[in-house]
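The block underneath contains the structure these notes are about, expressed in structure tokens.
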Amino acid sequence: MNISFNRNTVTLNGVKDFSLAHTFLCGQCFRWNENDDGSFSGVANGRVIKISAVNDNITLYNTNLQEFNEIWSNYFDFSRNYDEIKKELSKDEIMKRATAYGWGIRILQQDLWETLISFIISQSNNIPRIKQIIERLCESYGDRIFMDGKAYYTFPSYERLKGCVAEDLAHLRAGYRAKYIADAVYKVNSGDVDLSLIKTLPLYEAKQSLMNINGIGHKVADCVLLFGAGRFGVFPVDTWIEKAMRGLYPCVCENEKNIRTAGENIFGRYCGLAQQYLFYYARDNKLKF
DNA sequence: CACCAGGCAAGCC
DNA sequence: GGCTTGCATGGT
């Protein structure tokens with residue numbers, strides 16, 4: 001990968017295993033939006049950037065080389081060799097098809113707190129509405145920043161939200177999830193749940209810690225660990241994955257009550273990424289099982 | 001009008 | 001432990 005830059009853009013040539021659409025539309029993030037020209041704009045790490053692609057040439061706007069090296073290179077997971085992982089995962093024909101279909105998916109290294117709240121909101125909800133609720137949260141409590149004369153809002157820290165109770169969040173229209181958000185705000189601010197440990201604790205303990213928050217069960221905890229803590233050894237099971245696994249891996253799953261452990265056993269240390277290829281493959285094709 | 005959306009907690013057994 | 005039900009809101 002070759003890097004060049006000027007005053008407020010950074011250009012990368014020869015970026016492999018990366019598609020904007022696959023990465024931003026595979027369901028892992030909620031604050032990136034596609035522009036008319038196929039580029040995407042989004043807010044992350046307290047900043048707003050735009051990113052465009054022509055073949056394997058990527059350009060990031062409204063940033064600079066130092067910021068790229070310190071923030072965005074890690075955010076887009078550019079130092080990880082996805083080609084090797086895809087080969088390791090492609091032990092069967094189904095995963096070969098799924099990785100070929102979503103070849104450009106990269107797991108964004110998103111902020112842990114933002115991911116935690118976002119996936120609490122995601123439960124039993126649809127993606128457009130999830131995005132609306134998160135946007136209202138950011139407009140109400142985040143910082144306003146500008147790019148190209150347009151206002152964007154950062155995701156509010158837990159310190160910023162300290163003291164919020166469910167009634168304070170009614171304007172988000174998050175429904176019954178408001179009390180879950182409030183519980184997360186309380187438990188993270190009080191230290192009942194220590195987010196600084198989530199990336200390093202043994203996986204089981206990290207998950208149990210997250211599940212101390214009301215509104216976080218297995219699925220949300222797994223998404224938070226995968227998308228917000230870079231832990232690829234979890235296998236989040238939602239309605240799509242359950243259907244996909246039963247339909248595509250019937251020998252393993254027809255009598256397997258626990259699809260989650262089945263996924264862990266089949267796909268191993270990168271089962272989280274396998275799950276994401278499967279999810280994108282199944283949902284994007286509206287596969288019926 | 002039903003039924004569903006990247007589930008979960010509470011209440012049963 | 002497993003199974004069932006209610007849950008806020010908005011879209012189809």
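Residue numbering restarts at 1 for every chain, and letters A, B, ... go by the order of the sequence lines.
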Fill in: Partners meeting side chain to side chain contact (heavy atoms under 4.5 Å, CB included) with A:E159 (sequence neighbours left out)
A:S157, A:N189
Worksheet entry | DNA chain B contacts made by residues 185-193 of chain A, counting heavy atoms under 4.0 Å | none
Item to complete: Taking only heavy atoms on the protein side, list every residue of residues 94-117 of chain A lying under 4.0 Å from any atom of DNA chain B, sorted numerically.
Response: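 Going residue by residue through residues 94-117 of chain A, none turns out to have a heavy atom under 4.0 Å of DNA chain B.
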Worksheet item: Nucleotide by nucleotide, 5' to 3', does protein get under 4.0 Å of the base (B), only the sugar-phosphate (S), or neither (-) in nucleotides 6-13 of chain B, counting heavy atoms?
Response: BBSS----
Item to complete: Please determine if A:R80 forms a cation-pi arrangement with A:F232, meaning its NZ or CZ atom is less than 6.0 Å from the six-membered ring centre and no more than 45° off the ring axis.
Response: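 Output yes; distance and angle both within limits.
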Discussion item. Under 6.0 Å between ring centres: does that hold for A:F30 and A:F119?
Written reply: yes
Worksheet item: Looking at the rings of A:Y249 and A:F267, which for Trp means the six-membered one, are their centres under 6.0 Å apart?
Response: yes
Discussion item. Say we look at C:dT4 and B:dC4: how far apart would their P atoms be, to the nearest angstrom?
Written reply: 16 Å
Worksheet item: Can you name the salt bridge (charged side-chain N to carboxylate O under 4.0 Å, His left out) partners of A:K187, sequence neighbours left out?
Response: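 Testing A:K187 for salt bridge (charged side-chain N to carboxylate O under 4.0 Å, His left out), a comparison that skips the adjacent residues, returns A:D183.
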Worksheet item: Base, sugar-phosphate, or nothing for A:R173, non-hydrogen atoms under 4.0 angstrom?
Response: sugar-phosphate
Item to complete: Look at the rings of A:W240 and A:F279 and say which category their plane angle falls in: under 30° parallel, 30 to 60° tilted, over 60° perpendicular.
Response: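 Geometry flag for A:F279 against A:W240: perpendicular rings.
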Worksheet item: Taking the inter-plane angle between the rings of A:Y101 and A:Y280 on a 0 to 90° scale, is it parallel (under 30°), tilted (30 to 60°) or perpendicular (over 60°)?
Response: tilted
Practice prompt. Check the distance between C:dA8's C1' and A:E167's CD and give it to me in whole angstrom.
Written response: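 Spelled out: CD on A:E167 to C1' on C:dA8 is 14 Å.
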Discussion item. On a heavy-atom basis, which atom in A:L273 and which in A:L226 lie closest, and how many Å separate them?
Written reply: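 Smallest heavy-atom distance, with atoms named: N-CD1, 4.4 Å.
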Do any side-chain atoms of residues 169-179 of chain A form donor-acceptor pairs under 3.5 angstrom with protein atoms, and if so which ones, sequence neighbours left out?
from, atom 1, to, atom 2, distance (Å)
A:H171, ND1, A:D168, O, 3.1
A:H171, NE2, A:S140, OG, 3.0
A:R177, NE, A:I121, O, 3.3
A:R177, NE, A:Q123, O, 2.9
A:R177, NH1, A:A174, O, 2.8
A:R177, NH2, A:Q123, O, 3.1
A:R177, NH2, A:S124, O, 2.9
A:K179, NZ, A:Y176, O, 3.1

Item to complete: Enter the distance from A:I49:CD1 to A:L60:CG here, rounded to the nearest 0.5 Å.
Response: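 Taking CD1 in A:I49 and CG in A:L60, the distance rounds to 4.5 Å.
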